[in-house]
Amino acid sequence: MSEEKESLNFIEQIIEDDLKSTHSKDALCFRFPPEPNGFLHIGHASSICLNFGLGLRYDAPVNLRFDDTNPAKEEQRFVDAIKSDVQWLGFKWEKECYASDYFQQLYDWAIYLIKEGKAYVDSQTSEAIAEQKGTPTKEGVNSPFRDRTIQENLALFEQMKTGEAPEGAHVLRAKIDMKSTNMLMRDPVIYRTLHKSHHRTGTDWKIFPMYDWTHGESDYIERVSHSFCTLEFLPHRELYNWFLDQIHEEGTLRPKQREFARRNLSHTVVSKRKLARLVEDGVVTGWDDPRMPTISGLRRRGYTPESIRNFADGIGVGKRDNLIDVSRLEFSVRDHLNKVADRVMAVLDPVKVVITNYPENETEWLDAENNQEDEAAGSRKVPFSRELYIEKEDFREEANKKFFRLKLGKEVRLKNAYIIKAESCIKDENGEVIEIHCTYDPDSRSGSGTEASMRKVKGTLHWVSIKDALPVEVRLYDRLFTEAAPDANKEVDFMEYVNPNSLEVITGYAEPSLKELQVEDKVQFQRLGYFTVDKDTTADKMVFNKTVGLRDSWAKLDD
RNA sequence: UGUCCCAUGGUGUAAUGGUAACACAGCGGUUUUUGGUACCGUCGUUCUAGGUUCGAGUCCUAGUGGGACAACCA
């Protein structure tokens, strides 16, 4: 029994403190509140794992709430994509909610605010309102419409609602304090008119509530106990509380907003707007391009839900600016795939090997273990014959002792097969090796139990029988940006740092068993890395995405 | 010329006034029919200055550095 105290992150600490003072355990309720205006990315994944993770930890409900108050930007297809991403990550929401479901309640409360003298209709242009708002260091001034009568406000707000008033003619503002040091408290707009069709309410509403007026009230309606958001919303907390003060009823749960730092990932951007630009400018093929840090992109790249959850849990949550090295993400996917991915053989940069003492026209089917990390994974047969492919970089005419691979006059083990010895090679007019002639030791077959098969040979190579090989398209990826923090420099557009060589498409030669794989299946190409079957795969051509390479301590030595 | 937030190894996070630790990355080694995995070892940390305290990474003050705030976006 472990007695060591479990360490809590600051979010859990807040909940624990509340549990000791103000909240009962069954009052806990969380939510994940995306706006359906784009696809979810790895930053959202952290937030999803945080909120749903708290739900699991405290056995509390977690709602999926779409913050859909802006019909100009939001679309049903994003709602669908978000739901599928959250499910794929492995989480179940208690209720599927929409801020738009609360439009009537929000409207009723707005009427109440007007009647209480806490809100007024402003009929100025947005420019004039912005001008009067002042700056962070300069106080704002009151709108000339600030003291309209309640009757007048009610009448005008009614015109906004019916659509009688032209779009943009008026807004409803909360009457707070134009001199506040917090700009958000300077009579924030709470309703604007938008004569656009909403993906759920259609044309029923001509007025749409703003984020600040909607979010906390939605939390209140859903009895969300803790509303966690990113640090940029910290100054909104004062407003969040002010709105709650107006409508909160004694004795009911009062939601609490708390903020954490968003997670930044190195060599990419984590911002819907910037990701959208990559899509629009054609830098990538879409939101689910395997180079994108979107959940759908990572999925297509070959990441597993487990690996993303492990990543999110591992990096924790804090309040300071951060830049998480992408190697941490790569670690989590290697860690998981190492346990679950079958080992197979594929040669991506081939050079021909002829086993001169092996009979022509013969094929032997050899046993190959699927995954040495998992006995239950079983084994399969791989064909061996006289002519093989190995990787070009696995052969050198001569090399020093540190080169454990094939060199003239020396032996290597072919994985799951025989020990071979390089005798000679043929080069083209440029001096490039195009064919290697080897001899094999017939007694050395893997697993045969002979003395020769037990011989220790330093190097082991993967290979593929040429006549049985399956040509496949392989997409190799590099970081999308050349800079660790492409958007850190305000002087330089992040697009300047796009890596022009982030995608390389090649043809590889795989062992025939790969034909059986389905889209999204994951395998390790032995000695190379983890690969997954892309959805672009057709009946005639399989397409693989490289998820991540194996750790390669040789690559560093070899320069 | 404001208000607010933040500051622990290269990176991220913990230490809840009482021996600064864990993971990743790096480096070295053992094992290995993957130069993978596993295992072992190693490097390296409390922004500065004061104060409170028997004792400060933790509390207080100031400074420094970084960040947020001037959408009818969320």
Side-chain angles (χ1 to χ4, degrees), chain A residues 5 7-10 13 16 33-35 37 67-70 72-74 122 125-126 129-131 133-140 167-168 170-173 180-184 186 188-194 208 210-212 214-215 229 231-238 259 261 263 266 272-273 314-325 327-332 334-335 338-339 343 345 369 372-373 402-405 412-417 419 444 446-447 453-462 484 524-529 549-558:
Chain A
K5 263 185 299 184
S7 73
L8 301 174
N9 63 46
F10 83 100
Q13 191 63 61
E16 294 291 336
E35 182 190 14
N37 69 342
D67 230 330
D68 57 347
T69 58
N70 187 357
K73 291 185 174 174
E74 295 146 8
D122 198 332
T125 62
S126 59
I129 291 173
E131 177 66 30
K133 202 161 247 181
T135 71
T137 56
K138 187 177 142 234
E139 293 184 342
E167 190 177 63
H170 316 286
V171 291
L172 186 70
R173 289 227 259 171
S180 172
T181 53
N182 183 348
M183 301 234 9
L184 290 157
R186 321 237 264 226
V189 172
I190 59 178
Y191 269 101
R192 78 286 214 192
T193 51
L194 240 31
F208 290 90
M210 300 291 288
Y211 165 83
D212 287 298
T214 308
H215 203 92
C229 59
L231 236 29
E232 63 201 287
F233 290 98
L234 198 152
H236 294 247
R237 190 151 112 194
E238 191 180 0
E259 311 79 14
R263 323 319 315 246
S266 77
K272 265 192 246 178
R273 212 196 83 246
I315 59 178
V317 56
K319 294 182 76 167
R320 45 186 207 193
D321 294 340
N322 58 77
L323 183 64
I324 294 145
D325 201 292
S327 67
R328 182 61 185 77
L329 218 211
E330 293 174 343
F331 161 78
S332 70
R334 277 195 201 102
D335 192 44
N338 174 51
K339 297 184 182 85
R343 273 62 170 167
M345 293 195 287
E369 211 177 354
Q372 20 311 58
E373 303 297 315
K402 283 183 161 175
F403 186 78
F404 302 159
R405 309 177 185 189
V412 290
R413 156 77 61 187
L414 291 180
K415 179 77 184 172
N416 303 315
I419 294 171
S444 65
S446 291
S453 74
M454 315 281 227
R455 278 166 53 210
K456 298 288 174 201
V457 181
K458 188 62 185 170
T460 301
L461 306 185
H462 62 279
Q524 183 195 102
F525 286 177
Q526 219 143 194
R527 298 210 305 136
L528 296 176
L550 258 25
R551 273 188 67 216
D552 188 356
S553 46
W554 160 253
K556 290 167 208 149
L557 297 172
D558 186 39

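Numbered from 1 within each chain, the chains take letters A, B, ... in sequence-line order.
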Practice item. Identify whether any heavy atom of A:Glu238 sits under 4.0 Å from a base atom; if not, whether one sits that close to sugar-phosphate; answer base, sugar-phosphate or nothing. Key: nothing

Review point. Quick one: is B:A70 close enough that its OP1 or OP2 comes under 4.0 Å of any side-chain N or O from A:Arg186?
Key: no

Check your understanding: B:C69 C1' sits how many Å from A:Asn182 CG, rounded?
Key -> 7 Å

Point to revise | Side chain of A:Pro136 (C-beta onward), nearest among B:C6, B:A70, B:A74 | key: B:A70

Review point. OP1 or OP2 of B:C73 sitting under 4.0 Å from any side-chain N/O of A:Lys73?
Key: no

Point to revise | Heavy-atom closest pair, residues A:Val412 and A:Val457 | key: CA-CG1, 3.5 Å

Practice item. Please state the P separation for the pair B:U31 and B:U48 - nearest whole angstrom. Key: 45 Å

Study note, to complete from the structure: Side-chain contact check for A:Lys415: nearest option of B:C6, B:U34, B:C72 is B:U34

Point to revise | Between B:A14 (P) and A:Ile315 (CD1): distance, integer Å | key: 11 Å

Check your understanding: Stacking here means centres under 5.5 Å and planes under 30°; does A:Trp554 stack on B:G35?
Key -> yes

Point to revise | Separation of the P atoms in B:U52 and B:C60, to the nearest angstrom | key: 15 Å

Exercise for review: Classify the nucleic acid contact of A:Val189 as base, sugar-phosphate or nothing, counting any heavy atom under 4.0 Å across all strands shown.
Suggested key: sugar-phosphate

Exercise for review: Using atom CD of A:Gln372 as one end and atom C1' of B:U32 as the other, report the distance to the nearest whole Å.
Suggested key: 10 Å

Review point. If you measure from the P atom in B:C59 to the same atom in B:C5, how many Å do you get, rounded?
Key: 13 Å

Review point. Can you find a donor-acceptor N/O pair under 3.5 angstrom joining the side chain of A:Ser446 to the base of B:U33?
Key: yes

Exercise for review: Among B:A74, B:U13, B:A23, find the nucleotide with the atom closest to the side chain of A:Arg328.
Suggested key: B:A23

Review point. Can you tell me how far P of B:A68 sits from CD of A:Glu232, to the nearest Å?
Key: 10 Å

Exercise for review: State whether the side chain of A:Arg334 and the backbone N or O of A:Gly549 hold a donor-acceptor pair below 3.5 Å, judged by distance alone.
Suggested key: yes

Check your understanding: Reckon A:Phe525 touches a base, only the sugar-phosphate, or nothing at all at heavy-atom distances under 4.0 Å?
Key -> nothing

Practice item. Determine the contact category for A:His170: base if any of its heavy atoms lies under 4.0 Å from a base atom, sugar-phosphate if only primed atoms, P, OP1 or OP2 are that close, otherwise nothing. Key: nothing

Exercise for review: Just call it for A:Leu461: base, sugar-phosphate, or nothing, with non-hydrogen atoms closer than 4.0 Å on any strand.
Suggested key: nothing

Check your understanding: Which listed nucleotide (B:U34, B:U37, B:C5) is nearest to the side chain of A:Glu373?
Key -> B:U37

Practice item. Establish, with yes or no, whether the OP1 or OP2 oxygen of B:G35 is under 4.0 angstrom from a side-chain nitrogen or oxygen of A:Lys402. Key: no

Review point. Does atom CD of A:Glu131 have more than 12 heavy-atom neighbours, drawn from other residues, nucleotides or ligands, at distances under 6.0 Å?
Key: no

Review point. Which part of the nucleic acid, if any, lies within contact of A:Phe233, taking any heavy atom under 4.0 Å across all strands shown: a base, the sugar-phosphate backbone alone, or nothing?
Key: base

Review point. Where the side chain of A:Arg413 meets the backbone of A:Ser453, is there a donor-acceptor pair that is under 3.5 Å apart?
Key: yes

Point to revise | Same-atom distance (C1') from B:C73 to B:G51, integer angstrom | key: 46 Å

Review point. Looking only at atom types and distance, does a side-chain atom of A:Lys415 sit under 3.5 Å from a main-chain N or O of A:Met345, one as donor and one as acceptor?
Key: no

Check your understanding: If pairing requires Watson-Crick or G-U wobble contacts with both distances under 3.5 Å, which nucleotide is the partner of B:A15?
Key -> none

Check your understanding: Please give, in whole Å, the distance from B:U32 P to A:Arg413 CZ?
Key -> 14 Å

Review point. Considering every strand shown, what is the Watson-Crick or G-U wobble mate of B:C4 when both distances are under 3.5 Å?
Key: B:G67

Exercise for review: Go through B:C4, B:G2, B:G67 for me and flag the one nearest to the A:Asp321 side chain.
Suggested key: B:G67

Practice item. Would you indicate what A:Gly314 reaches in the nucleic acid, counting non-hydrogen atoms under 4.0 angstrom: base, sugar-phosphate, or nothing? Key: nothing

Point to revise | Given B:A25, B:G2, B:G12, the nucleotide with the shortest approach to the side chain of A:Phe331 | key: B:A25

Revision key, fill the gap. Picking from B:G12, B:G36, B:G35, the nucleotide nearest the side-chain atoms of A:Asn322 would be B:G12

Review point. What about A:Gln13: does its side chain form a donor-acceptor pair under 3.5 Å with the base of B:U16?
Key: yes

Exercise for review: Taking atom C1' in both B:U30 and B:U11, compute the distance separating them and give it to the nearest angstrom.
Suggested key: 28 Å

Practice item. On the 0 to 90° scale, with breaks at 30° and 60°, tag the A:Phe233-A:Tyr211 ring pair as parallel, tilted or perpendicular. Key: tilted

Review point. Minimum heavy-atom separation for A:Arg405 to A:Trp554, with atom names?
Key: NH2-CD1, 2.6 Å

Check your understanding: When we call it a touch if two heavy atoms are under 4.0 Å apart, what does A:Thr69 touch: a base, just sugar-phosphate, or nothing?
Key -> sugar-phosphate

Study note, to complete from the structure: When rounded to whole Å, the CE to P distance for the pair A:Met183 and B:A71 reads 7 Å

Check your understanding: Can you check whether A:Thr214 has a side-chain N or O nearer than 4.0 Å to OP1 or OP2 of B:A74?
Key -> no

Check your understanding: Of all the choices, B:C69, B:C73, B:U34, which nucleotide is nearest to the side chain of A:Pro235 once you look at every atom?
Key -> B:C69

Point to revise | Separation of atom CG in A:Leu231 from atom P in B:C5, rounded to whole Å | key: 11 Å

Exercise for review: Taking atom P in both B:A21 and B:C6, compute the distance separating them and give it to the nearest angstrom.
Suggested key: 26 Å

Exercise for review: Assign A:Ser126 to base, sugar-phosphate, or nothing according to its heavy-atom contacts below 4.0 angstrom with the strands shown.
Suggested key: base

Practice item. Could you tell me whether the side chain of A:Arg405 has a donor or acceptor atom within less than 3.5 Å of a complementary atom in the base of B:G35? Key: yes

Exercise for review: Indicate the atoms forming the closest heavy-atom contact of A:Arg192 with A:Thr69, along with that distance.
Suggested key: NH1-O, 3.4 Å

Point to revise | Pairwise P distance, B:A56 and B:C47 [rounded to whole Å] | key: 15 Å

Check your understanding: Is there a side-chain polar atom (N or O) of A:Arg192 under 4.0 Å from OP1 or OP2 of B:C73?
Key -> yes

Check your understanding: From B:U34, B:U1, B:U37, pick the nucleotide closest to the side chain of A:Asn338?
Key -> B:U37

Exercise for review: Using the C1' atoms only, state how far B:G12 lies from B:U45, rounded to an integer number of Å.
Suggested key: 13 Å

Practice item. Taking the side chain as every heavy atom from C-beta outward, state whether A:Ile129 and A:Arg173 have any pair of such atoms under 4.5 Å apart. Key: yes

Review point. When you check the phosphate oxygens OP1 and OP2 of B:G35, does a side-chain N or O of A:Arg527 lie under 4.0 Å from one of them?
Key: yes

Exercise for review: Would you classify A:Lys339 as touching base, sugar-phosphate or nothing, given that sugar-phosphate means primed atoms plus P, OP1 and OP2, and contacts are heavy atoms under 4.0 Å?
Suggested key: nothing

Check your understanding: Which nucleotide, B:A70, B:A74, B:U34, lies nearest any side-chain atom of A:Glu74?
Key -> B:A74

Check your understanding: Within the structure shown, what part of the strands sits under 4.0 Å from A:Gly459 by heavy-atom distance: base, sugar-phosphate, or nothing?
Key -> nothing

Review point. Do A:Phe404 and the base of B:G35 stack face to face, with centres under 5.5 Å apart and an angle between planes under 30°?
Key: yes

Practice item. Select base, sugar-phosphate, or nothing to describe what A:Val457 touches, counting heavy atoms under 4.0 Å on all strands. Key: nothing

Revision key, fill the gap. The side chain to side chain donor-acceptor pair (under 3.5 Å) partner of A:Asn37 among A:Lys73, A:Glu74, A:Lys272 is A:Lys272

Check your understanding: Does A:Ser553 have a side-chain nitrogen or oxygen under 4.0 Å from the phosphate oxygens OP1 or OP2 of B:G36?
Key -> yes

Study note, to complete from the structure: In whole angstroms, the gap separating P of B:G12 from CG of A:Asn9 amounts to 17 Å

